[in-house]
Amino acid sequence: MKITKICCIGAGYVGGPTMAVIAQKCPDIQVTVVDLNEKRIADWNDPNPENIPIYEPGLSEIVAEARGRNLFFSTDVDKAIDEAEMIFISVNTPTKTYGKGKGMAADLKYIELCARQIARVAKQNKIVVEKSTLPVRTAEAIKSILDNTGNGVQFQILSNPEFLAEGTAVADLLSPDRILIGGDITEEGQEAINALVNVYANWVDKERILTTNVWSSELSKLTANAFLAQRISSINAMSELCEKTGADVNEVARAIGMDSRIGPKFLKASVGFGGSCFQKDILNLVYIAKSYGLNEVADYWEQVIIMNDHQKRRFSNKIVQTLYNTVADKKIAFLGWAFKKDTNDTRESAAIYVADDLINEQAKISVYDPKVSRAKMQADLNYLETRSKEENNDFLYTFNNAYEACKGAHAVAVLTEWDEFRTYDWQKIYDSMHKPAFIFDGRNILDSKHLESIGFVYNGIGS
Ligand code: NAD
Ligand code: UDX
């Protein structure tokens with residue numbers, strides 16, 4: 001079966017970039033990305049590709065090339081479902097904030113809505129692809145909804161989790177380590193798998209396209225994120241021990257990373273991992289394990305989150321302690337608010353939690369981030385519901401320029417590893433700050449020797 005029309009429900013950080021790359025690499029396939037969020041779709045359709053709603057290096061160029069040719073963004077979900085042979089579900093699956101599994105389980109209400117809409121609209125057989133990250137065995141629920149509420153047409157459900165990381169989404173999509181496709185072992189299931197394999201084969205080597213059963217595919221996504229996050233919590237745990245013992249976590253990471261069994265990636269100690277995926281997916285894994293009565297399995301993975309929370313809190317505590325146990329009315333300059341560099345995404349960013357802790361101590365937080373707006377920072381703080389919106393507003397100062405943000409500060413805290421922070425005129429920043437001028441490098445990206453020679457009191461992670 002040759003696919004000629006694809007619909008993707010969800011024009012977010014995954015749906016947008018993934019479909020843009022499919023459209024670029026498969027000019028014969030018409031790709032329509034739909035979303036209920038009218039503003040988001042309008043932004044994707046902005047005549048100036050620089051204004052698309054997601055910042056990812058290289059993405060605006062791809063959108064400029066494919067949009068209007070075979071890439072379309074629309075709010076007409078029914079029409080796109082009706083026309084497509086293959087429908088990707090790429091909607092958000094956040095942690096539940098209510099009811100059973102609150103704070104742990106994935107909230108599947110958006111997934112169910114998509115399934116019901118597909119069932120209602122579809123008049124021909126469809127392949128439905130789970131692109132969102134889902135708990136293992138979700139395909140069963142989707143299938144049941146489709147088969148019981150549909151118009152008697154046949155549905156094949158595939159699991160095709162996305163492994164892109166934000167900030168490198170385009171590069172990851174163009175040359176993925178692997179593509180994973182799970183499907184039924186029946187003949188129809190295999191046909192559906194092949195149809196999707198052939199889409200990716202337009203630019204990905206077939207050896208890198210892995211096919212499995214649906215459950216393995218669904219569970220592999222949660223497993224991959226759990227393993228990646230576990231490495232960060234492991235090195236962060238060591239960073240605390242390094243600080244007590246005189247070892248340097250960067251040196252330890254280098255030493256262990258050269259062991260080919262361990263490998264060098266994801267060993268960067270930090271103020272704690274953020275992003276929309278790691279915490280949510282591990283909590284979900286913990287919840288699934290508990291629901292099968294696997295308490296040891298659940299406890300094992302939960303430690304990754306406990307360690308990460310500890311690392312964020314440890315960072316804010318260290319700032320307060322170092323600043324003579326009081327930050328009240330002191331200006332603390334934050335360099336970076338995004339959860340990592342090269343993205344405007346702030347979901348679960350460590351910066352939010354560190355700011356919240358410091359505002360509890362009545363510090364004035366003065367932030368510069370090259371890609372994040374004040375409105376987003378305010379929304380992030382308000383979402384925690386620690387205090388009123390007005391109070392958050394009073395404690396948050398934002399600047400379009402790092403030098404202004406740091407002027408008159410008692411301390412600078414690096415929360416995101418944006419490259420530009422390395423090349424600043426640190427002497428100029430030092431001259432504009434209160435003395436002693438403290439730096440808390442939550443990403444270990446600055447040159448500590450150089451900063452100390454200027455006169456800064458430098459605090460990295462794990463040294
Ligand atoms: P997102 O919040 O950026 O985008 C989801 C979009 O879906 C939103 O724009 C929302 O309006 C839309 N939506 C929700 N319900 C809808 C419906 N019924 N009809 C139409 N549109 C609807 O989320 P995201 O970051 O793109 O993540 C999507 C999924 O991909 C999640 O399951 C996530 O775990 C997974 N994932 C994310 C990443 C990442 O780096 N962000 C990486 C891999 C996998
Ligand atoms: C992650 C997975 O990497 C990706 O495969 C999945 O599809 C989605 O979730 P993402 O969250 O976008 O991607 O970025 P990632 O590069 O994994 O970074 C996550 C967080 O960990 C960031 O806050 C980052 O700064 C932090 N991190 C990463 C570290 O603190 N140390 C490291 O060594 C690596």
Side-chain angles (χ1 to χ4, degrees), residues 7-19 33-41 43-44 53-54 56 73-78 80-81 88-95 106-118 130-135 138 160-169 172-173 176-177 221-222 224-229 231-236 239 249 253 257 264-282 284 308 311-312 336 338-343 345-351 415-417 442-445 461:
C7 157
C8 174
I9 309 179
Y13 282 87
V14 169
T18 309
M19 292 303 130
V33 191
V34 292
D35 205 296
L36 297 173
N37 183 333
E38 291 179 9
K39 165 91 172 73
R40 215 167 207 187
I41 292 297
D43 288 345
W44 279 111
I54 287 169
E56 279 290 339
F73 294 92
S74 162
T75 50
D76 194 343
V77 184
D78 281 2
I81 292 174
F88 287 77
I89 301 181
S90 190
V91 300
N92 37 331
T93 50
T95 304
D107 191 341
L108 299 180
K109 69 178 173 196
Y110 306 108
I111 296 286
E112 172 155 352
L113 280 173
C114 289
R116 288 185 183 275
Q117 191 163 6
I118 294 168
E130 299 175 343
K131 183 52 105 179
S132 297
T133 302
L134 296 171
T138 304
N160 173 221
E162 184 48 60
F163 294 99
L164 68 79
E166 290 179 26
T168 53
D172 293 343
L173 288 163
D177 285 347
K221 177 63 199 177
L222 294 183
N225 276 350
F227 270 61
L228 290 167
R231 286 173 67 97
I232 304 170
S233 277
S234 295
I235 200 71
N236 281 342
S239 75
V249 78
K265 294 184 181 164
F266 271 70
L267 286 181
K268 190 113 189 65
S270 67
V271 55
F273 60 74
S276 63
C277 292
F278 283 169
Q279 174 164 309
K280 155 178 89 72
D281 292 347
I282 293 177
N284 187 210
N308 196 50
Q311 189 75 351
K312 290 183 273 190
F339 81 97
K340 64 186 285 198
K341 73 172 179 176
D342 294 336
T343 177
D345 195 350
T346 63
R347 290 177 287 182
E348 291 300 328
S349 179
L415 274 304
T416 312
E417 73 281 23
R443 298 291 182 164
N444 288 349
I445 54 165
I461 304 274

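Just so you know, these numbers use all the heavy atoms, side chains as well, and skip hydrogens, waters and symmetry mates. Numbering starts at 1 and runs along the sequence shown. Keep in mind the model is a prediction, meaning the values are calculated, not measured. In listed order, ligands and their atoms are each counted from 1.
- Checked against a 3.5 angstrom limit, the closest N/O atoms of F339 and ligand 2 fall inside it.
- For atom 16 (O) of ligand 2, the nearest non-hydrogen atom from the set K340, Q311, R347 comes from K340.
- At the shortest separation from atom 8 (C) of ligand 2 among protein heavy atoms lies C277 SG, 3.5 Å.
- Looking at I232, L164, V14, it is L164 that brings a heavy atom closest to atom 7 (O) of ligand 2.
- Backbone and side-chain nitrogen or oxygen atoms of E166 are examined, and one is located within less than 3.5 angstrom of a nitrogen or oxygen of ligand 2.
- The two atoms that bring F163 and A224 nearest to each other are CE2-CB, 3.9 Å, heavy atoms only.
- The protein residues lying under 4.0 angstrom from ligand 1, judged by non-hydrogen atoms, are I9, G10, G12, Y13, V14, D35, L36, N37, R40, S90, V91, N92, T93, Y110, C114, S132, T133, E162, L164, E166, K221, S276, C277, K280, R347.
- Looking at atom 21 (O) of ligand 2, its nearest protein heavy atom turns out to be F273 CB, 3.2 Å.
- Residue contact check: L228 has heavy atoms under 4.0 Å from atoms 3 (O) of ligand 2.
- A side chain to side chain donor-acceptor pair (under 3.5 Å) with Q311 holds for exactly one of S233, S239, S270; it is S239.
- Protein heavy atom closest to atom 5 (O) of ligand 2, with residue, atom name and distance, is F163 O, 2.8 Å.
- With respect to the salt-bridge test (charged N to carboxylate O, under 4.0 angstrom), the residues K131 and E162 qualify.
- Ligand 2 has a nitrogen or oxygen under 3.5 angstrom from a nitrogen or oxygen of G274.
- Assignment of R443 to the shell around ligand 2 is supported, since a heavy atom sits closer than 4.0 Å.
- The residue T168 has no part lying near ligand 2, judged by heavy-atom distances below 4.0 Å.
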